[in-house]
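The figures here come from the full heavy-atom set of this structure, side chains too, leaving out hydrogens, waters and symmetry mates.
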Amino acid sequence: MVRAQTSHPLDPLSAAEISVAVATVRAAGATPEVRDSMRFIEVTLVEPVKSVVALADAYFFPPFQPSLLPKTKGGPVIPSKLPPRQARLVVYNKRSNDTSIWIVELSEVHAATRGGHHRGKAISSKVVPDVQPPMDAVEYAECEAVVKDFPPFREAMKRRGIEDMDLVMVDAWCAGYHSDADAPSRRLAKPLIFCRTESDCPMENGYARPVEGIHVLVDMQNMVVIEFEDRKLIPLPPADPLRNYTPGETRGGVDRSDVKPLQIIQPEGPSFRVNGHFVQWQKWNFRIGFTPREGLVIYSVAYIDGSRGRRPVAHRLSFVEMVVPYGDPNEPHYRKNAFDAGEDGLGKNAHSLKKGCDCLGYIKYFDAHFTNFTGGVETIENCVCLHEEDHGILWKHQDWRSGLAEVRRSRRLTVSFICTVANYEYGFFWHFYQDGKIEAEVKLTGILSLGALQPGETRKYGTTIAPGLYAPVHQHFFVARMDMAVDCKPGETFNQVVEVNVKVEEPGKNNVHNNAFYAEEELLRSELQAMRDCNPLSARHWIVRNTRNVNRTGQLTGFKIVPGSNCLPLAGSEAKFLRRAPFLKHNLWVTPYSRDEMYPGGEFPNQNPRVGEGLATWVKQNRSLEEADIVLWYVFGITHIPRLEDWPVMPVDRIGFTLMPHGFFNCSPAVDVPPSTCDVEIKENGIAVKPIQNGLLAKL
């Protein structure tokens, strides 16, 4: 059997493949001017149709799983090779201000193309009118330099007592869309300005001194300041002695000295196995992917369930968008409503964990490859972290008659990455558990985005955290897109969604003691019916069920989504950011799978004035959901009322949700988890205690 490629169809593009794709597109430019003006926003894998993934997993890549393909009379017809991999490129033309999308095939040799021999063929290209693609780090750096070199800006800073431009920080925020002046015919940025106190201190918290009263508008295509106005002289906040967050002496403080070392060791190695991007752990298996926009992607999630074999749960899991609207109506905060995935890219802003490890234990890292603005390839080493964590008690019971006890410790497998977008850090985590749960978690930390106050001024739209300094109220929203496949092979459309609410039984003959309540299910039959909100008062949750598969009690097998803490936008219904983000108006949306429906705000939310795009538009088709290839869109958020304890650095906030088996198994899959053995010596009141199985202690 001839293999067409060594990469699985879902593996992220390699550095070599990205280079080939860029070279192919550049070579296809009609003139030297066109080629020189190309800027490469992103290069991503064209994910193949699900039948190709099934074929690859069945016969081309271990562990070979022929059961993924439907049975055919006379046996399957197995091709000698898989279709060639393809790359999708978003290209911005700096000369014409056009955005185009290219598809490049990566397998065939085309020697005649400009630039010599390379493996790539341009399949298609199209210009997308009236859009602006995400901003790039190169543009941000150029914008900062242009603003700092603009004479009226230097004069405005001089009025505020600042002549050293090395102290000034210019954060180039996307313009958003507030009026026709923000239309995508121009590529715009509306920077926020900050100023450090000490130029020789690179780790100083410059966000502690916001510069307000200055309006700047930058044409990012031509990299020139096109509007400037020093509207109001607001004094710079005084240098806050508590502004810095670096260790001990470097911030003028003292670190704690009574924290003892805590070591996480696995002397026999980890319990997971990794082959390329394929991961196996505790009956779970899945593939790891990564994109510049979403960051971490989890593919082909399945559970090995004894004699029932491999049971699919989801085809694709990722965080596809996030929106951060601020609640202060004053300039410049009213226009702070960042789409951090669609305007910047969560993956492109990911950390290399070489620069400070965020994981403990035995760790497997995955690198991530991207194109930079000019088409070169950059690698974020150790970008994705895979490791096991102890997670407390999994289950326990003690028989009061016999005194015998059984306890099992919970272990989970965590896949994560962390990114920085300006002042904020976001950690994105997928946790897999031994009891069949999958937990999605976002951790929020970093530094507050602040505003300056006049002497004696206070604002009800934020919290004063230091003299002349306040933190506006704001919200963070995240959208998880879950292409579900509960007990469905690729190509099968046997899922549906039911909503479950707990109801109180009416008083009467069925409730003579007035204690009765029950769970009531409702099938969500169409897209418009499936626009739903969380309701903790009724313990509301949703179950994705297989319409053809039952458990031992005859119930349909399923996985349910259990909300964590959540919220909805607190802005008025006519808020400008909701025009770009109408998907925030509900916590749950359900659609039938469509390959082109990936991003809830449309592919290009930057300066996007249109209402007729994205999730809220797709559901107007009101397609049937009674038996379909189901995609869940779960919107979850947090309302941040800043505290003094969030300064100078914010302790982690956590939000998320859980995918939990519901009738998927015939009994608890946690029952066969073996007893734990602790391998450290503990002392109680000076007496050595020897750990034994189940975590129980015996005095020596």
Side-chain angles (χ1 to χ4, degrees), residues 29 31 33-42 90-101 127-157 165 168-194 211-231 331-340 342-345 348-349 371-375 421-422 576-577 579-580 602-610:
T31 65
E33 291 76 18
V34 169
R35 294 190 285 271
D36 292 343
S37 61
M38 286 181 173
R39 298 295 181 267
F40 295 86
I41 304 299
E42 64 179 38
V90 176
V91 181
Y92 173 68
N93 188 299
K94 194 168 176 64
R95 178 183 294 267
S96 66
N97 196 35
D98 288 334
T99 299
S100 57
I101 296 175
V127 173
V128 185
D130 301 322
V131 299
Q132 285 295 334
M135 293 291 187
D136 186 86
V138 171
E139 293 180 288
Y140 288 151
E142 290 177 353
C143 177
E144 180 173 63
V146 164
V147 171
K148 289 165 67 170
D149 200 40
F150 188 60
F153 176 77
R154 298 174 76 96
E155 283 298 315
M157 293 305 298
M165 286 296 108
V168 178
M169 298 163 42
V170 180
D171 282 8
W173 281 53
C174 293
Y177 190 86
H178 299 276
S179 69
D180 291 343
D182 298 325
S185 56
R186 301 181 297 175
R187 187 165 175 81
L188 303 175
K190 296 180 179 179
L192 298 179
I193 314 299
F194 303 88
V211 180
E212 294 200 2
I214 297 177
H215 166 75
V216 186
L217 182 66
V218 179
D219 177 343
M220 300 292 279
Q221 177 191 0
N222 301 299
M223 209 51 72
V224 293
V225 176
I226 55 176
E227 290 183 15
F228 181 85
E229 186 179 355
D230 190 355
R231 294 174 172 172
E331 177 77 37
H333 308 288
Y334 77 90
R335 58 180 173 83
K336 289 159 68 174
N337 44 75
F339 286 59
D340 286 336
E343 292 179 340
D344 286 286
K348 289 180 72 171
N349 287 285
T371 179
N372 59 27
F373 204 40
T374 56
V421 185
K576 296 294 176 62
F577 78 89
R579 184 175 179 178
R580 294 198 294 155
E603 182 167 9
F604 300 106
N606 186 15
Q607 296 178 236
N608 189 337
R610 292 176 295 281

Rounded to the nearest 0.5 Å, the CE atom of Met38 sits from the CG atom of Asn93 at a distance of 7.0 Å
Applying salt bridge (Lys or Arg N to Asp or Glu O under 4.0 Å) to Glu227 and not counting sequence neighbours gives none
Between Asp182 and Lys190 the two heavy atoms that sit nearest each other are OD1-NZ, 3.1 Å
To the nearest 0.5 Å, atom CD1 of Ile226 lies from atom CZ of Arg186 at 4.0 Å
Shortest non-hydrogen pair, Arg39 vs Asp36, comes out as NH1-O, 2.9 Å
Hits for side chain to side chain donor-acceptor pair (under 3.5 Å) against Arg154, two or more places apart or cross-chain, chain-then-number order -> none
Using distance only, find each side-chain donor-acceptor pair of residues 169-179 under 3.5 Å and give its atom names and separation, not counting sequence neighbours.
| from | atom 1 | to | atom 2 | distance (Å) |
| --- | --- | --- | --- | --- |
| Asp171 | OD2 | Tyr207 | OH | 2.8 |
| Tyr177 | OH | Asp180 | OD1 | 2.9 |
| Ser179 | OG | Ala181 | N | 3.3 |

Applying side chain to side chain contact (heavy atoms under 4.5 Å, CB included) to Ser185 and not counting sequence neighbours gives Ala183
Applied to residues 127-148, the side-chain hydrogen bond (donor to acceptor under 3.5 Å, both in side chains) test, sequence neighbours excluded, yields Asn97-Gln132, Gln132-Arg187, Asp136-Lys348, Glu139-Arg187, Tyr140-Asp344
**Asked** Going through the distances and angles, do Ile41 and Phe373 end up as a side chain to side chain contact (heavy atoms under 4.5 Å, CB included)?
**Response** CA-CA 6 Å; Ile41 304 299; Phe373 204 40; 3.6 Å; yes
Across all chains, not counting sequence neighbours, the salt bridge (Lys or Arg N to Asp or Glu O under 4.0 Å) partners of Arg335 are Glu331
Run the numbers on Val168 and Phe153 for side chain to side chain contact (heavy atoms under 4.5 Å, CB included), then give the verdict. CA-CA 11 Å; Val168 178; Phe153 176 77; 3.9 Å; yes
Contacts of Asp340 meeting salt bridge (Lys or Arg N to Asp or Glu O under 4.0 Å) (sequence neighbours excluded), chain-then-number -> none
The side chain to side chain donor-acceptor pair (under 3.5 Å) partners of Glu603 (sequence neighbours excluded) come to Arg88
- Message: If you count heavy atoms of other groups shown closer than 6.0 angstrom to CZ of Arg231, is the number above 12?
- Response: yes
Closest non-hydrogen contact found for Gly29 with Arg35 is O-NH1, 2.7 Å
Salt bridge (Lys or Arg N to Asp or Glu O under 4.0 Å) filter on Glu343, not counting sequence neighbours, yields Arg580
Closest non-hydrogen atoms of Phe604 and Pro133, given as atom of the first, atom of the second and distance, are CD2-CA, 3.8 Å
Nearest heavy-atom contact between Met220 and Lys94 is O-NZ, 3.2 Å
Asn222 meets the side chain to side chain contact (heavy atoms under 4.5 Å, CB included) criterion, sequence neighbours left out, with Asp219, Val224
**Message:** I want to check something: taking the side chain as every heavy atom from C-beta on, are Val131 and Pro184 in contact at a cut-off of under 4.5 Å?
**Reply:** no
Point to revise | Verdict with supporting geometry, Asn337 and Lys576, side chain to side chain contact (heavy atoms under 4.5 Å, CB included) | key: CA-CA 9 Å; Asn337 44 75; Lys576 296 294 176 62; over 6 Å; no
query = With side chains defined as the heavy atoms from C-beta onward, is the minimum distance between Asp230 and Pro152 less than 4.5 Å?
reply = no
Closest heavy-atom pair, Met135 versus Asn606, reported as atoms and distance to 0.1 Å, is CE-ND2, 4.2 Å
Side chain to side chain contact (heavy atoms under 4.5 Å, CB included) filter on Val225, not counting sequence neighbours, yields Val146, Val147, Phe150, Val216, Val218, Phe228
